[in-house]
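For reference, the structure is listed below as structure tokens.
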Amino acid sequence: MKTIIEPFKIKSVEPIRFTTKEERINILEEAGFNPFLIKADDVLIDLLTDSGTSAMSSMQWAGIMQGDESYAGSRSFYRFEAMVKKITGLKYVIPTHQGRAAEKILFSITGGKGKFIPNNTHFDTTRANIEYTNAEAVDLLNETGKHPEIRADFKGNMDIEKLESFIKETGPENIPLVMMTVTNNSGGGQPVSMQNIREAKAVCVKYNLPFFLDACRFAENAYFIKMREPGYRDKPLLEIAQEMFSYCDGMTMSAKKDALVNIGGFLAMNDSTLAMNCRNLLIVTEGFPTYGGLAGRDLEAIAQGLEEVLDEHYLEYRIRSIEYLGEKILAEGVPIIEPPGGHAIYLDAKRFLPHVPQEQFPGQSIVCELYTEGGIRSVEIGSVMFGKKDANGKLIPPPMELVRLAIPRRVYTQSHIDYVVEIILEVFKNRKNIKGYEITYEAPMLRHFTAKFRPVK
Ligand SMILES: *Cc1c(COP(=O)(O)O)cnc(C)c1O
């Protein structure tokens with residue numbers, strides 16, 4: 001097989017700034033050993049997130065100039081709306097400034113005390129927006145999805161039996177809707193199969209419940225279906241995406257992922273009453289329904305991005321570049337969530353640093369080493385982010401200690417990824433000397449963003 005190459009050439013470049021290891025040691029110490037507090041200019045390869053970090057195409061930039069900034073009835077809105085309808089088939093399309101704004105509107109209307117929203121795994125903003133209304137967010141991920149070392153095709157799938165028994169126990173009248181996140185971001189970017197979507201829908205039909213997709217990475221999910229699920233190999237990606245959406249009654253979306261833009265989001269649905277309620281709330285919190293917190297130019301760029309993201313060559317390159325990074329480090333024994341997901345590689349910090357106890361944040365140690373060694377910024381997804389405390393202040397760790405290396409779309413080339421491989425292997429080779437950390441400052445909520453650390457003596 002020939003090398004899968006980047007399916008684009010580069011017209012505009014942005015220099016990245018090199019620093020010495022000594023400089024990075026100082027920068028990291030000044031940032032309290034928390035890479036969220038490092039200036040982006042001091043980062044060489046930034047793998048903090050794939051959200052809003054995509055490179056736009058020349059056509060998208062041209063769209064920025066074409067944007068119609070009319071307050072109401074903008075031409076750019078109609079182009080955006082037509083594109084979303086073409087892919088999703090949903091009747092009512094409502095733009096918002098980000099994915100979480102779509103969630104906020106949807107759950108302000110459907111949530112509330114005594115309500116339950118099942119999902120394969122709720123993303124953190126989705127969970128937060130549900131809990132903010134005093135409703136409960138329930139994760140019903142299938143069992144294999146919870147084991148990093150088990151290789152399976154669709155580790156993002158929902159446990160359909162659990163879904164049905166949950167609906168029976170809770171009572172369908174207490175469940176305003178069922179959600180499914182594609183791909184499953186919080187579970188390692190793992191895909192959901194068409195069969196699983198179909199089965200979840202069938203259960204929803206049986207109990208007369210609306211079925212919603214959290215569709216941030218719908219195109220990456222469609223590509224996995226094409227490659228892994230029988231019967232889809234010869235189907236165009238647009239048709240696969242259309243089939244995925246044909247089973248849903250509505251969706252939320254962060255355009256900062258698979259719409260290949262730096263800001264934006266939307267929600268869409270078939271229920272006219274729900275759409276009317278959403279639009280009424282949208283006017284209070286986001287703006288008039290034909291711009292919803294975005295400029296006309298943003299809507300133009302989203303429409304163009306949605307057109308580009310379903311390109312076969314783009315998705316082949318996209319999924320392959322993640323897999324390539326995963327394969328290279330796996331071959332040298334580096335423990336990761338297997339198989340690689342659609343947007344990121346997750347290092348398994350427990351197996352990477354077995355000598356560092358969870359109380360000393362092994363994930364944070366790896367994050368710090370990757371920065372010091374190579375100027376690479378990653379993020380801990382473990383006890384720093386999700387750790388809770390018991391009555392004595394002792395850590396209650398989450399099930400997994402992970403380090404996420406999220407790959408921005410169309411931003412880095414293969415040589416950047418080769419460099420990332422070299423740095424990870426260098427850190428892995430020296431792993432016995434890596435020490436843990438302790439927290440010196442933490443905020444009462446979402447502490448990972450602002451916490452400060454020091455190395456354990
Ligand atoms: C990013 C993301 C969101 C939230 O979108 P924002 O644009 O960051 O507000 C919701 N769900 C999933 C699965 C996401 O990845």
Side-chain angles (χ1 to χ4, degrees), residues 6 16 24 28 33-36 38 40 42-55 123-124 148-149 155 183-191 216-217 220 256-257 317-353 361-386 400-431 434 448:
E6 286 85 4
I16 48 180
R24 289 194 295 272
L28 189 62
F33 299 93
N34 183 351
F36 274 109
I38 295 175
D42 292 333
V43 175
L44 187 64
I45 308 273
D46 204 344
L47 307 183
L48 187 65
T49 176
D50 66 321
S51 178
T53 52
S54 300
F123 181 64
D124 51 11
E149 68 292 349
K155 289 173 78 174
T183 57
N184 187 23
N185 185 3
S186 306
Q190 298 292 323
C216 298
R217 296 178 183 78
E220 290 168 6
K256 300 173 75 171
K257 287 46 173 270
Y317 139 81
R318 169 72 181 158
I319 301 300
R320 177 60 193 152
S321 55
I322 317 292
E323 187 185 54
Y324 176 86
L325 169 56
E327 272 173 12
K328 290 259 163 163
I329 58 175
L330 202 53
E332 303 297 322
V334 178
I336 64 170
I337 293 193
E338 293 186 62
H343 68 289
I345 290 296
Y346 295 71
L347 306 177
D348 183 350
K350 267 194 217 171
R351 285 186 288 151
F352 197 113
L353 297 180
F361 311 116
Q364 194 68 20
S365 301
I366 297 172
V367 166
C368 289
E369 290 303 309
L370 291 174
Y371 179 72
T372 311
E373 201 55 46
I376 296 167
R377 178 153 66 172
S378 55
V379 63
E380 192 260 15
I381 300 189
S383 285
V384 176
M385 194 180 275
F386 293 127
M400 293 197 271
E401 300 287 343
L402 303 172
V403 172
R404 186 182 76 180
L405 301 142
I407 313 295
R409 294 172 180 78
R410 305 193 293 206
V411 169
Y412 295 115
T413 64
Q414 186 172 340
S415 64
H416 289 117
I417 299 294
D418 283 330
Y419 170 84
V420 171
V421 169
E422 286 167 17
I423 298 300
I424 294 172
L425 295 182
E426 187 69 28
V427 170
F428 189 59
K429 206 173 72 192
N430 299 325
R431 64 190 178 280
I434 298 176
H448 55 285

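Computation of the quantities below employed the complete heavy-atom set of this structure, encompassing side-chain atoms and omitting hydrogens, waters and symmetry-equivalent molecules. Just so it is clear, the model here is predicted, and its values are computed rather than measured.
Considering all non-hydrogen atoms of both residues, Gly341 and Ile322 come closest at O-CG2, 3.5 Å. Contact record, Tyr317 with Arg410: OH-CA, 3.4 Å, taken as the closest heavy-atom pair. Between Ser378 and Val403 the shortest heavy-atom distance is OG-CG1, 3.6 Å. For the residue pair Pro408 and Leu47, the shortest heavy atom distance occurs at CD-CD2, 3.9 Å.
We find that Glu220 and Arg409 are joined by a salt bridge, their nearest charged nitrogen and carboxylate oxygen being less than 4.0 Å apart. The pair Lys328-Glu422 fails the salt-bridge criterion, with no side-chain N (NZ, NE, NH1 or NH2) lying under 4.0 Å from an Asp/Glu carboxylate O. One finds no salt bridge joining Asp50 and Lys257 here, because no Lys/Arg side-chain nitrogen approaches an Asp/Glu carboxylate oxygen to under 4.0 Å.
Using a 3.5 Å distance cut-off with no hydrogens or angles, the side chains of His448 and Asn34 do not pair a donor with an acceptor. Side-chain atoms of Ser383 and Glu401 form a donor-acceptor pair, as typed in the model, at a separation below 3.5 Å.
Inter-residue side-chain proximity for Tyr371 and Asp42 is flagged as met; some heavy-atom pair is nearer than 4.5 Å. Counting only heavy atoms from C-beta outward, the side chains of Ile45 and Arg377 never approach each other to under 4.5 Å.
For the pair Arg320 and Tyr324, the cation-pi criterion (under 6.0 Å, within 45° of the ring axis) is not fulfilled.
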